[in-house]
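Structure first, commentary second.
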Amino acid sequence: YNVDYLLIENHKNQRRVIEIIIIMMPLSWLYIFSILKIKSDLLASYDFLTKLSNRRAFDKRKDSYDIDTTTAIYIDLDNLKKINDTINHKEGDKLIIAFAERLKELCPKKHIYRVGGDEFIILYKGNIETFLTKLEKVFLNDEKELVLNDFSFSAGVVEMRLLDVFSVEEAVNITDYTMYEAKS
């Protein structure tokens with residue numbers, strides 16, 4: 001009788017273990033899936049070359065900026081295609097990285113976005129005249145790397161509080177236009 005009882009109890013215990021595994025497997029898959037999704041979203045919002053946020057991150061965060069305290073700056077590196085075509089893409093990448101590093105010296109990284117091959121958006125909070133003066137000094141007195149010595153960029157700047165804009169995206173569209181006007 002004791003042996004039969006133990007076999008029955010052992011069978012019940014095995015059955016419970018199997019039931020628990022069957023219940024826990026989908027939950028563990030959901031947990032693993034959610035972690036992988038978070039990591040995937042982070043990677044998809046990140047520019048590997050410059051270690052900055054990308055256009056996807058900009059699209060997610062743009063509505064979190066206050067129009068009354070933010071200035072939109074759209075920057076395009078001049079003649080990057082010429083550098084890539086005449087020298088090589090590796091040198092073009094060095095230029096982009098060096099430029100991004102200079103921007104990080106002037107502004108918190110979380111407000112700088114690389115939105116294209118040679119285009120950057122900065123959503124700056126603070127005195128824009130001070131920022132632009134620092135930006136000019138950093139690039140005029142570039143002693144850190146020769147790669148930026150014979151280099152230029154064009155920028156469009158919009159202080160959102162001074163214009164009748166309703167969104168950061170609208171302001172960025174205006175800065176994009178003014179940047180192309182500055183180029184010409």
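Below, all heavy atoms of this structure are taken into account, side chains as well, without hydrogens, waters or symmetry copies.
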Discussion item. Would you say Ser45 and Arg61 are linked by a side-chain donor-acceptor pair, where the criterion is simply a distance under 3.5 Å?
Written reply: no
Fill in: Any side-chain donor near an acceptor of the partner, Asp78 and Ser154, under 3.5 Å
yes
Nearest-0.5 Å distance that lies between atom [atom1] in [X] and atom [atom2] in [Y]:
| X | Y | atom1 | atom2 | result |
| --- | --- | --- | --- | --- |
| Glu91 | Thr86 | CD | OG1 | 10.0 Å |
| Tyr46 | Leu42 | OH | CG | 10.5 Å |
| Ile73 | Cys107 | CD1 | SG | 7.0 Å |
| Lys94 | Ile96 | NZ | CD1 | 13.0 Å |
| Asp63 | Ser167 | CG | OG | 7.5 Å |
| Arg114 | Ile75 | CZ | CD1 | 13.5 Å |

Worksheet entry | Lys51 to Phe48, cation-pi by 6.0 Å centre distance and 45° axis angle | yes
Discussion item. Does any part of the side chain of Arg161, heavy atoms only, come nearer than 4.5 Å to the side chain of Thr71, both counted from C-beta?
Written reply: no
Where is the tightest heavy-atom contact between [X] and [Y], given as atom of each residue plus distance?
| X | Y | value |
| --- | --- | --- |
| Gly117 | Leu80 | O-CD2, 4.2 Å |
| Ile23 | Leu27 | O-CG, 3.7 Å |
| Glu170 | Asp164 | OE2-O, 4.1 Å |
| Leu77 | Lys183 | O-NZ, 4.0 Å |

Response to the item:
Between Phe99 and the options Ile97, Leu95, Leu103, the side chain to side chain contact (heavy atoms under 4.5 Å, CB included) test singles out Leu103
[X] side chain to [Y] main-chain N or O, any donor-acceptor pair under 3.5 Å?
| X | Y | result |
| --- | --- | --- |
| Asn79 | Lys82 | no |
| Glu181 | Tyr177 | no |
| Asn54 | Ala44 | yes |
| Thr70 | Asp66 | yes |

Practice prompt. Could you please spell out the steps behind the salt bridge (charged side-chain N to carboxylate O under 4.0 Å, His left out) verdict for Lys81 and Asp118?
Written response: CA-CA 9 Å; Lys81 182 176 178 1; Asp118 62 349; over 6 Å; no
Discussion item. Please enumerate all residues that pass salt bridge (charged side-chain N to carboxylate O under 4.0 Å, His left out) together with Asp59, with sequence neighbours excluded.
Written reply: Lys62
Discussion item. For Lys104, is the NZ atom crowded, meaning more than 12 foreign heavy atoms sit under 6.0 Å from it?
Written reply: yes
Worksheet item: Around Lys110, counting heavy atoms of other residues, nucleotides and ligands shown, do more than 12 lie under 6.0 Å from its NZ?
Response: no
Worksheet item: Any chance the rings of Phe153 and Phe120 have centres within less than 6.0 Å?
Response: no
Worksheet item: Side-chain heavy atoms under 4.5 angstrom apart, residues restricted to Ile, Leu, Val, Met, Phe, Trp, Tyr: same cluster for Met24 and Val17?
Response: no
Practice prompt. With side-chain contact (heavy atoms from CB on, under 4.5 Å) as the test, would you mind laying out the steps for His89 and Ile83 before giving the verdict?
Written response: CA-CA 7 Å; His89 286 271; Ile83 292 167; over 6 Å; no
Fill in: Residues clustered with Ile174, ILVMFWY side-chain links under 4.5 angstrom
Phe58, Tyr65, Ile67, Tyr74, Tyr113, Val115, Ile121, Leu123, Val158, Met160, Leu163, Val165, Val168, Val172, Met179, Tyr180
Item to complete: Walk me through it: do Phe131 and Asn127 pass the test side-chain contact (heavy atoms from CB on, under 4.5 Å)?
Response: CA-CA 6 Å; Phe131 175 81; Asn127 184 313; over 6 Å; no
